[in-house]
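Protein chains get the first letters and strands the later ones, always in sequence-line order, with residue 1 at the start of each.
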Amino acid sequence: MRASQFLIATVKETPADAEVISHQLMLRAGLIRKLASGLYTWLPMGLKTLRKVEKIIREELDASGAQELLMPAIQPAELWQESGRWEQYGPELLRLKDRHQRDFCVGPTHEEVITDLVRNQLKSYKQLPANFYQIQTKFRDEIRPRFGVMRSREFVMKDGYSFHINQESLQKTYDDYFNAYVRIFDRLNLDYRPVIADNGSIGGTGSHEFHVLAASGEDDIAFSDSSDYAANVEMAEAVAPKAAPDAPTEEMRLVDTPNAKTIAALVEQHNLPIEKTIKTLMVKASDEVDSDIVALLVRGDHELNEIKAEKQPEVASPLTMATEEEIRDIVGASPGSLGPVNLPMPIVIDRAVACSSDFGAGANIDGKHYFGINWERDLPTPRVADLRNVQVGDPSPDGKGTLNIRRGIEVGHIFQLGLKYSEAMNATVLDENGKAVPMTMGCYGIGVTRVVAAAIEQNHDENGIIWPESLAPFTVALVPLNYDKSDDVKALSDKLYSELKAKGVDVLLDDRKERPGVKFADMELTGIPHRLVISDRGIAAGQLEYKGRRDAEASDLPLDNAVAALISKLGQ
RNA sequence: CGGAGUAUAGCGCAGCCUGGUAGCGCAUCUGCUUUGGGAGCAGAGGGUCGUAGGUUCGAAUCCUACUACUCCGACCA
């Protein structure tokens with residue numbers, strides 16, 4: 001490609017509304033332009049990269065046995081009513097009516113459409129497993145789009161769906177997808193981790209997210225320092241610090257704590273170690289228990305994990321904190337003086353609380369706490385559960401090493417759906433006995449547009465993007481100086497350009513009538529991995545200047561062997 | 001959804017408080033010079049000041065409504 005015939009829409013100034021580096025660089029390098037909140041045009045330079053991501057995904061999925069198809073972006077409401085999600089999905093689902101006043105939505109995902117297709121096409125267990133994917137534009141009306149294409153409303157997603165006669169078959173395809181994702185993200189040169197993820201309300205039996213590690217990520221990932229254990233903090237198991245509490249050494253006593261309404265104040269004013277304090281959180285109860293609210297106890301230095309809390313049978317879903325009035329009605333004290341002693345409601349305690357001894361907690365009397373509380377001696381041990389977020393330094397749940405926590409950008413998610421959609425939508429096949437059975441399903445997503453942003457978060461410097469070759473819009477930039485004035489420079493540049501093109505190298509010839517500084521800055525900003533400078537000076541010396549995008553200094557290639565020497569540098 | 005803020009040329013901003021008919025930098029166009037790190041000089045073009053209404057002799061400026069966009073929040077005992 002000649003730069004004079006290609007839109008190079010670089011800008012010097014950083015756009016005011018771009019927060020994260022990838023968003024800033026995608027705008028500055030001329031990859032995207034905003035149309036409206038959460039809606040972006042992909043300019044030619046950005047689309048080249050997007051297509052390279054798609055190509056890698058296609059190659060690996062095709063090799064793993066998935067078949068590509070393409071479904072409509074607009075979907076009829078009937079299918080969503082069948083699955084129950086027309087009511088469940090909420091305002092993120094963009095709904096619209098056609099000229100006949102029939103209801104439709106713009107697809108945020110395609111479980112309903114693929115399930116409808118498969119139930120109509122596949123009738124026998126002999127046709128399973130079936131495994132389809134598409135790369136297609138989705139729309140989710142996000143509460144708050146941000147970070148450019150990282151969280152946009154319209155985005156390109158690879159979504160795959162598989163159908164099986166049993167769990168064993170699903171597990172095999174699930175593993176195939178897992179391995180294909182590993183190959184895809186390896187080829188994309190991303191620093192990523194597959195992590196154990198929440199199954200969400202869908203249930204099912206297994207789920208992994210693939211996270212690119214980056215400070216701007218919106219999820220916390222916990223991973224072991226000495227094994228490959230990694231999990232979303234939402235899911236990471238917090239193991240008990242020890243098997244049982246120590247024997248009591250203190251008497252339980254009622255202490256006046258008029259100014260200690262928070263754990264921090266309690267610790268500061270009463271010389272209590274924070275790990276000897278207990279937080280009592282009150283949430284709405286489910287129908288399972290004979291109470292309006294339930295108490296959840298975590299240690300003062302720990303945080304409640306809302307996902308784990310919501311899974312407790314005593315707790316109403318979605319998790320809702322009790323109001324101050326509700327607490328006062330039942331307990332007769334304010335938040336800030338709550339604790340397990342004499343508490344008239346069901347209690348669930350975290351594992352770390354269960355092995356605490358001589359601890360302090362509210363007395364359920366305003367301005368008073370009990371200190372020196374011990375389970376069994378002072379009150380029965382309530383039901384124990386894993387309720388808290390893991391923290392840095394916690395032991396890894398697999399028993400190997402301790403946990404670190406870093407931010408991650410979710411770029412992929414694989415999910416065992418089980419029978420959720422096939423039962424709701426009556427998607428069955430006949431088994432060996434001629435009996436209709438619902439198909440077991442899996443679904444598998446990659447945020448294609450988000451991958452581009454995530455890659456920039458990991459690969460940039462003060463001069464711009466640093467593309468790995470697998471993602472670069474162009475592999476090589478030819479930068480001639482005085483292309484329009486020097487016949488020698490022009491002849492050599494054109495010759496190199498056609499030779500590299502003939503070898504299949506994706507090359508950009510910067511034949512623009514610009515000063516050298518402009519060309520250098522643009523080639524660096526847009527992140528092209530290899531650069532050759534063609535100048536009269538170099539020609540006279542019999543050399544071409546080469547610089548890799550990550551190199552500190554340029555080096556020289558012999559002129560008579562330049563193409564071969566350059567090609568030997570590619571793919572390293 | 002709750003809170004805060006912004007809206008003036010393609011981009012980044014000043015002007016608004018204290019009303020008098022719009023300006024700066026970059027970008028664009030023309031000419032000359034320059035040509036290995038986002039050039040210099042000279043000139044030019046480009047704005048219904050987000051939209052609608054109000055106050056006023058007069059509104060970018062004051063008032064009202066609306067719209068769009070941005071940021072913060074939705075872990076607290």
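Nucleotides B:U28 and B:G10 have their C1' atoms positioned 9 Å apart, rounded to a whole Å. Taking the P atom of each, B:G3 and B:C11 are spaced 30 Å apart, rounded to whole Å. Rounded to whole Å, the separation between the C1' atoms of B:C71 and B:G40 comes to 41 Å. For the P atom pair drawn from B:G47 and B:A9, the interatomic distance equals 11 Å after rounding to whole Å. If you take atom C1' in B:U33 and the same atom in B:C69, they sit 44 Å apart, rounded to whole Å. Taking atom P in both B:U18 and B:G23, the straight-line distance is 24 Å, to the nearest Å. For the C1' atoms, the distance from B:A60 to B:U48 is 12 Å, rounded to whole Å. Taking atom P in both B:C26 and B:C66, the straight-line distance is 41 Å, to the nearest Å.
Look at B:G2: its Watson-Crick or wobble partner, with both distances under 3.5 angstrom, is B:C72. The partner of B:G10 is B:C26, judged by Watson-Crick or G-U wobble contacts that both fall below 3.5 Å. For B:U21, there is no paired nucleotide, since no Watson-Crick or G-U wobble pair has both relevant distances below 3.5 Å. Of the nucleotides present, none pairs with B:A77 by Watson-Crick or G-U wobble criteria with both distances under 3.5 Å. Both distances falling under 3.5 Å, in either a Watson-Crick or a G-U wobble arrangement, occur for no nucleotide opposite B:G36. Of the nucleotides present, none pairs with B:U55 by Watson-Crick or G-U wobble criteria with both distances under 3.5 Å. Summarising the base pairing, B:U48 is matched to no nucleotide, lacking a Watson-Crick or G-U wobble pair whose two defining distances lie under 3.5 Å. B:C41 and B:G31 make up a base pair, with Watson-Crick or G-U wobble contacts both under 3.5 Å.
Of the candidate nucleotides B:A74, B:A77, B:G25, B:G25 has the atom lying nearest to any side-chain atom of A:Glu13. With distances taken from any side-chain atom of A:Ala36 to the nucleotides B:A77, B:C11, B:C69, the minimum falls on B:C69.
Neither side chain, A:Asn364 nor A:Tyr370, offers a donor N or O lying under 3.5 Å from an acceptor on the other. Side chains of A:Asn232 and A:Glu209: a donor-acceptor N/O pair is present below 3.5 angstrom, by distance only. Donor-acceptor pairing under 3.5 Å is lacking for the side chains of A:Ser216 and A:Arg407.
Annotation: proximity of residues 346-369 of chain A to RNA chain B (heavy atom, distance under 4.0 Å) is found for no residue. Sorted by residue number, the members of residues 380-396 of chain A with any non-hydrogen atom under 4.0 Å from RNA chain B read A:Asn389.
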List every contact pair, protein side and nucleotides 42-44 of chain B side both N or O, where the distance is under 3.5 Å.
none

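Judged purely by atom type and a 3.5 angstrom limit, A:Arg28 uses its side chain to pair as donor or acceptor with the backbone of A:Val11.
Atom CG in A:Asp301 sits roughly 12 Å away from atom P in B:A77 (whole-Å rounding). Atom NZ of A:Lys308 and atom P of B:C75 are 17 Å apart (whole Å). In this structure, CE of A:Met282 is placed 19 Å from P of B:C75, rounded to the nearest angstrom. Atoms CZ (A:Arg512) and P (B:A27) sit 14 Å apart, rounded to a whole Å. Remark: P of B:U70 and CG of A:Leu35 are 12 Å apart, rounded to the nearest angstrom. In this structure, the CG atom of A:Leu27 is 12 Å from the P atom of B:U70, given to the nearest Å. Rounded to whole Å, atom P of B:U70 lies 15 Å from atom CD of A:Gln24. Put simply, CD1 on A:Ile143 is 9 Å from C1' on B:A74, counting in whole angstrom units.
Every residue meeting the ring-ring contact (aromatic ring centres under 6.0 Å, His included) condition with A:His530, not counting sequence neighbours, appears here in chain and number order: A:Tyr546. Checked against ring-ring contact (aromatic ring centres under 6.0 Å, His included), A:Trp86 has no partners two or more places apart in sequence or in another chain. Not counting sequence neighbours, the partners of A:Arg193 by the salt bridge (charged side-chain N to carboxylate O under 4.0 Å, His left out) test are A:Asp191. Taking A:Glu410 as the reference, A:His413 meet the side chain to side chain donor-acceptor pair (under 3.5 Å) condition, with sequence neighbours excluded. Among residues two or more places apart in sequence or in another chain, the salt bridge (charged side-chain N to carboxylate O under 4.0 Å, His left out) test is passed with A:Glu457 by none. Remark: A:Trp467 pairs with no residue by the ring-ring contact (aromatic ring centres under 6.0 Å, His included) rule, at least two apart or across chains. Shown here are the salt bridge (charged side-chain N to carboxylate O under 4.0 Å, His left out) partners of A:Arg406, two or more places apart in sequence or in another chain: there are none. When the ring-ring contact (aromatic ring centres under 6.0 Å, His included) test is applied to A:Phe371, the partners found at least two apart in sequence or on another chain are A:His270.
An OP1 or OP2 oxygen of B:A77 is reached within less than 4.0 angstrom by no side-chain nitrogen or oxygen of A:Ser334.
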Evaluation steps, side-chain contact (heavy atoms from CB on, under 4.5 Å), between A:Met282 and A:Thr280: CA-CA 7 Å; A:Met282 301 211 167; A:Thr280 304; 4.0 Å; yes
Residues A:Glu545, A:Arg537; criterion salt bridge (charged side-chain N to carboxylate O under 4.0 Å, His left out); working and verdict: CA-CA 10 Å; A:Glu545 179 192 297; A:Arg537 202 169 78 190; 5.2 Å; no
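For the residue pair A:Ser337 and A:Asp366, the shortest heavy atom distance occurs at OG-CA, 3.8 Å.
Position along RNA chain B of the nearest nucleotide to A:Gly336 versus A:Ser37 favours A:Ser37 as the more 5'-ward residue. Looking at which nucleotide of RNA chain B each of A:Ile263 and A:Phe147 is closest to, the 5′-most match is held by A:Phe147.
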Sugar-phosphate or base contact per nucleotide [nucleotides 34-39 of chain B; S, B, -; heavy atom under 4.0 Å]: BBBBBB
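To the nearest 0.5 Å, the span separating CZ on A:Phe147 from CD on A:Gln24 amounts to 11.0 Å.
Between A:His23 and A:Tyr40, the ring-plane angle classifies as perpendicular under the 30° and 60° cut-offs.
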